[in-house]
Amino acid sequence: MKISEIYKKKKSLSFEIYPPKKDAELENIDETLDVLCELKPDFISVTFGAGGSSNNNRTIELAKKIKYQYGVEPVVHLTCLHYDKQEIEEFARVLEAEGIENVLALRGDRNDRVEEKNVFKHSSDLITYMKQSHDFCFLGACYPEIHPESESRVTDIKDLKTKVDAGAEVLISQLFFDNSSFFRFKEDCSLADINIPIIPGVMPVINAAQIRRMVSICNAAFPERFQKIINRYENNRDALFDAGMSYALSQIIDLLVSDIQGIHLYTMNNPVVARRICEGIRNII
Ligand code: FAD
């Protein structure tokens with residue numbers, strides 16, 4: 001099923017997972033999926049390594065497993081910066097052959113160690129190209145606190161409009177910790193005539209290493225209330241887990257009572273986190 005169909009009827013609940021790199025972890029993925037799929041998400045998206053990672057075949061394998069073994073709709077992330085047309089064609093051919101209908105079209109992050117092919121410079125180029133001969137439902141990424149490479153908020157939203165005009169039907173947001181930034185972003189999108197579902201991505205922060213990683217890879221602002229939790233519980237694993245979950249839940253509830261069309265949970269392959277969040281919103285979503 002094409003993901004865009006969901007929003008004609010309801011709000012969505014979805015998860016993001018990544019394909020494990022180690023074989024041992026791959027063996028445990030069934031245990032993770034058992035829990036995630038029991039929570040009845042509308043779809044599960046599977047990340048794709050930037051820069052032609054050899055793990056990318058696992059993205060497709062995992063998507064197949066989600067679809068055929070668990071009966072949940074998968075979304076395959078696909079990056080383009082490091083591929084040429086022939087390579088993208090090959091991915092598209094495999095996805096079609098496997099019955100995968102939904103693609104989160106991404107540029108991908110720059111990687112000094114991998115050559116950029118300079119064929120697809122932006123995610124909109126990928127969508128435009130693939131749409132010529134393939135019938136996927138395309139999703140795109142968006143950034144409530146603007147993409148780090150964007151010159152300004154205006155150019156960021158303008159480029160997003162290009163992505164939507166190219167054919168993105170649903171947008172999934174980068175994580176953020178301050179809902180007001182998402183609400184402002186959504187308003188700006190609507191002023192720019194971007195009227196497709198914009199799904200907020202929420203990551204429950206549950207350990208200190210994860211927080212440090214977040215700071216280094218995305219420019220999400222830490223509101224004072226969130227910063228206080230980190231300062232207070234950084235060295236107390238269990239307390240940080242509880243406080244991080246409560247923070248994410250209050251963020252999600254605030255989003256759900258506002259006019260949003262779904263929640264995308266960055267699970268970090270942690271079924272305990274996903275279960276606890278879902279228990280907290282069972283009667284709400
Ligand atoms: P683009 O949409 O191409 O935008 C990148 C920059 O170029 C922005 O500054 C934008 O304003 C500008 N731009 C866009 N279009 C144009 C245009 N037509 N002309 C001029 N400028 C333009 N990375 C991975 O490697 N694997 C993953 O699985 C993955 N999953 C992700 C999932 C989500 C929900 C999100 C939010 C991000 C994900 N990323 C992933 C990270 C993503 O690849 C990076 O953020 C990357 O730097 C930008 O990708 P994009 O598709 O948003 O790029």
Side-chain angles (χ1 to χ4, degrees), residues 3 12 14-21 43-60 62-63 74-83 88 91 95 102-114 116-130 138-176 181-182 185 188-189 192 194 196-203 213-214 216-220 262-269:
I3 293 308
S12 65
S14 54
F15 301 142
E16 178 188 284
I17 62 168
Y18 59 85
K21 285 203 173 103
F43 64 93
I44 297 182
S45 82
V46 189
T47 65
F48 192 83
S53 157
S54 56
N55 217 31
N56 288 337
N57 290 336
R58 288 191 172 170
T59 296
I60 298 172
L62 201 46
V75 171
V76 164
H77 297 205
L78 178 63
T79 66
C80 61
L81 200 55
H82 306 96
Y83 297 110
I88 290 295
F91 280 121
L95 293 175
N102 303 287
V103 172
L104 174 51
L106 296 152
R107 187 198 70 180
D109 276 325
R110 300 193 189 285
N111 178 344
D112 290 345
R113 284 163 289 138
V114 190
E116 291 176 15
K117 295 274 170 81
N118 271 323
V119 177
F120 302 103
K121 293 197 172 151
H122 302 290
S123 56
S124 51
D125 301 331
L126 177 64
I127 298 174
T128 302
Y129 176 75
M130 287 180 80
F138 290 101
L139 294 83
C142 65
Y143 304 82
E145 290 167 283
I146 83 170
H147 187 272
E149 289 171 41
S150 293
E151 270 171 33
S152 68
R153 199 167 178 82
V154 172
T155 55
D156 190 85
I157 303 266
K158 193 171 112 320
D159 295 338
L160 189 59
K161 171 77 172 137
T162 305
K163 179 159 25 186
V164 173
D165 289 345
E169 294 179 64
V170 176
L171 296 172
I172 309 241
S173 92
Q174 178 62 285
L175 61 90
F176 56 90
S181 61
F182 181 81
F185 172 72
D188 289 347
C189 286
I194 295 173
I196 61 173
I198 303 176
I199 309 304
V202 175
M203 178 183 279
R213 192 163 165 269
M214 284 309 109
S216 70
I217 62 168
C218 78
N219 55 345
I263 294 288
H264 189 64
L265 201 63
Y266 291 106
T267 70
M268 302 302 288
N269 290 16

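Fair warning: this is a prediction, and the values are worked out from it, not measured in the lab. In listed order, ligands and their atoms are each counted from 1.
- Looking at atom 36 (C) of ligand 1, its nearest protein heavy atom turns out to be A141 CB, 3.5 Å.
- In this structure, atom 7 (O) of ligand 1 is in close contact with the protein, since a protein heavy atom lies within 4.0 Å of it.
- Atom 30 (N) of ligand 1 has as its closest protein heavy atom H77 ND1, 3.0 Å.
- Separation of the F176 and F185 ring centroids does not fall under the 6.0 Å cut-off.
- Nearest protein neighbour of atom 24 (C) of ligand 1, counting heavy atoms only, is F48 O, 3.5 Å.
- Close N/O approach between Q174 and ligand 1 is not found [any backbone or side-chain N/O within under 3.5 Å].
- Separation of atoms CD1 (I199) and CD1 (I263) is listed at 8.0 Å; rounding is to 0.5 Å.
- Distance from atom 1 (P) of ligand 1 to its nearest protein heavy atom, with residue and atom name: S123 OG, 3.5 Å.
- With salt bridges taken as basic N to acidic carboxylate O contacts below 4.0 Å, one links K161 and D165.
- The heavy atom nearest to atom 14 (C) of ligand 1, out of those in E151, H264, H122, is found in H122.
- Of the residues listed (E149, E116, H82), the one engaging R107 in a side chain to side chain donor-acceptor pair (under 3.5 Å) is E149, and it is the only one.
- Looking only at protein heavy atoms, the nearest one to atom 18 (N) of ligand 1 is S124 OG, 3.5 Å.
- Below 4.0 Å from some heavy atom of G108 lie the following atoms of ligand 1, by number and element: 43 (O), 46 (C), 47 (O), 49 (O).
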